[in-house]
There are 2 protein chains.
Amino acid sequence: MASGGNGPDAPAPRKRADARRNEATLLDAAAAAFVESGVNVPVRDIAARAGVGVGTFYRHFPTRADLIVAVYRHQVEACAAAGPVLLADRESPHQALASWIGLFADFLVTKHGLADVLRSDDAAFQTLHAYFIDRLVPVCGQLLEAAVAAGEIRPGQDPYELLRGVGGLCAGADGDPRYNPRRLAGLLVAGLRAEPAQARAAG
Amino acid sequence: MASGGNGPDAPAPRKRADARRNEATLLDAAAAAFVESGVNVPVRDIAARAGVGVGTFYRHFPTRADLIVAVYRHQVEACAAAGPVLLADRESPHQALASWIGLFADFLVTKHGLADVLRSDDAAFQTLHAYFIDRLVPVCGQLLEAAVAAGEIRPGQDPYELLRGVGGLCAGADGDPRYNPRRLAGLLVAGLRAEPAQARAAG
DNA sequence: TTGCTAAACGGAACCATGTTCCGTATCGTC
DNA sequence: GACGATACGGAACATGGTTCCGTTTAGCAA
């Protein structure tokens, strides 16, 4: 670093017009395809829908993770931003935490297949993992800390673990009327509560 | 039924010796391959390890679900059988439930990829779904009912939903030191507890 | 023992999908 | 208008599931 006079944002010399156009078209096509067929929709389908070749697709989005991040960036940012707001608005930190987890769960559930892919240990999804962790773990951690400080929950819950758990609960939940991932996520948050004496009775 | 004089177990006229031998060999090979590479190990690999062609594999196990059920049948049965035993042995139904859920979680976690596949809505895994549900949901239901009867948890929890949730928590948990699915499953069970007055404070 | 038939086998072949590669087309500039 | 860099398109390759059918073999009976 610091070897050139260029600022850290200069190195991108502005892409060609057709490239920018295609990227936008692919993003639209992918968003539509995700809604219709889930985030695992075949690459060829997205490319065909956008009217480009698969080579073009891969040039813009080297891994599926890049595409997914690009499609959902806005919504993830919104979710992250909601944390502090809820903390300020709700009556207690625990309520804020519960609401925020609910928000996160709803986001995952409505993106068919996102939760599954989020838990994949495939190296190709490293980027996706990292993005979600970077943006959401700190927010979750803040909510957890506030609830601990208020004496509402036991300390020691890793925010990463909690989010990963909620992700697991939301995976593959499509259209099963007997399965309500959001309710279970609520159970998880309820389980964090400081133990009310009675519970520890028989260790 | 009842159209022939044969009892309900007669219709299988005993397979040829080589067929029985191959089935056993495949089962062993699959078990070993599952341990080594997870339940999604390629069919070709299993067949090669068993020293048979893929055609032979498919004749014995038309779907991967059939294979998985065959490999894990004993352990699933053991898990089902453990329910009533725990209910009798532990001090309270809630403790029995917690222990049993822990057992189930441990089973899933140690079978790399099983939990993932269990939640797949792929039609090919219908058999697997059905088997797990048939064997384990009633046991879980019994534990839940006992805990409700003892006033330890709120009524209304669908055992199917709970098991599915635990399955979700256990999916893709391989080798992440920061993620402890069994602990989270415990949180879920803790969250079921009858609310101790304080919790509902601000509904 | 030999011959016969149904059962079982093996693996080539086919399909779907992800991914790479490179000849061709296009943009932006001189 | 010409030229070089950038981007495009899709054929080609890799992987893995699944099917199909010609060949082999177990089991039985003469």
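All chains are named by letter (A, B, ...) in the order of the sequence lines, taking the proteins before the strands, and each is independently numbered beginning at 1.
Of the two residues contacting DNA chain D, namely A/Gly55 and B/Ala124, the nearest-nucleotide position lying further toward the 5' end is that of A/Gly55. The 5' end of DNA chain D is approached more closely, in terms of each residue's nearest nucleotide, by B/Val43 than by the other of B/Arg20 and B/Val43. Map A/Ala17 and A/Val54 each onto its nearest nucleotide of DNA chain C; the residue landing nearer the 5' end is A/Val54.
Per the geometry, CZ belonging to A/Arg21 stands 11 Å off P belonging to D/dG9, to the nearest Å. The CZ atom of B/Phe57 sits 16 Å away from the C1' atom of C/dA8 (whole-angstrom rounding). Following rounding to the nearest Å, B/Asp18 (CG) and D/dA26 (P) show an atom-to-atom distance of 6 Å. What separates CG of B/Asp66 from C1' of D/dG17 is a distance of 15 Å, to the nearest Å. With rounding to whole Å, B/Asp122 atom CG is found 17 Å from D/dG16 atom P. The interatomic distance linking A/Arg14 (CZ) with C/dG28 (P) rounds to 8 Å, in whole Å. The OH-P distance, from B/Tyr58 to C/dG11, rounds to 16 Å in whole Å. Going from atom CD1 of B/Ile68 over to atom P of D/dG17 covers 12 Å, rounded to whole Å.
Between the base of C/dA7 and the side chain of B/Arg16 there is a donor-acceptor pair shorter than 3.5 Å.
Regarding contacts with the backbone of C/dA8, every side-chain N or O of B/His60 stays at 4.0 angstrom or more from both OP1 and OP2. Between A/Thr56 and D/dA7 there is no side-chain N or O to OP1 or OP2 distance below 4.0 Å. Neither OP1 nor OP2 of D/dA7 sits under 4.0 Å from any side-chain N or O of A/Asn22. Remark: A/Arg44 is not in phosphate contact with C/dA16, judged by side-chain N or O atoms under 4.0 Å from OP1 or OP2.
With C/dG28, C/dG18, D/dA7 as the candidates, the nucleotide lying closest to the side chain of A/Ala19 is D/dA7.
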Side chains of residues 107-116 of chain B: which donor-acceptor partners sit under 3.5 Å, not counting sequence neighbours?
unit_1: B/Thr110; atom_1: OG1; unit_2: B/Asp106; atom_2: O; d: 3.0
unit_1: B/Thr110; atom_1: OG1; unit_2: B/Phe107; atom_2: O; d: 2.9
unit_1: B/Lys111; atom_1: NZ; unit_2: B/Gln75; atom_2: OE1; d: 3.3
unit_1: B/His112; atom_1: ND1; unit_2: B/Asp174; atom_2: OD1; d: 3.3
unit_1: B/His112; atom_1: ND1; unit_2: B/Asp174; atom_2: OD2; d: 3.1
unit_1: B/Asp116; atom_1: OD1; unit_2: B/Gly172; atom_2: N; d: 3.3
unit_1: B/Asp116; atom_1: OD2; unit_2: A/Arg119; atom_2: NH2; d: 3.4

Cut-off 3.5 Å, no hydrogens considered: what does the side-chain donor-acceptor table look like for residues 33-45 of chain B, sequence neighbours left out?
unit_1: B/Glu36; atom_1: OE1; unit_2: B/Arg49; atom_2: NH2; d: 3.4
unit_1: B/Glu36; atom_1: OE2; unit_2: B/Arg49; atom_2: NH2; d: 3.1

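Ring planes of A/Phe61 and A/Phe57: tilted class, angle from 30 to 60°.
Shown here is A/Arg183, whose CZ atom has more than 12 heavy atoms of other residues, nucleotides or ligands within 6.0 Å.
Using a 4.0 Å cut-off between charged side-chain N and carboxylate O, A/Arg178 and A/Asp176 make no salt bridge.
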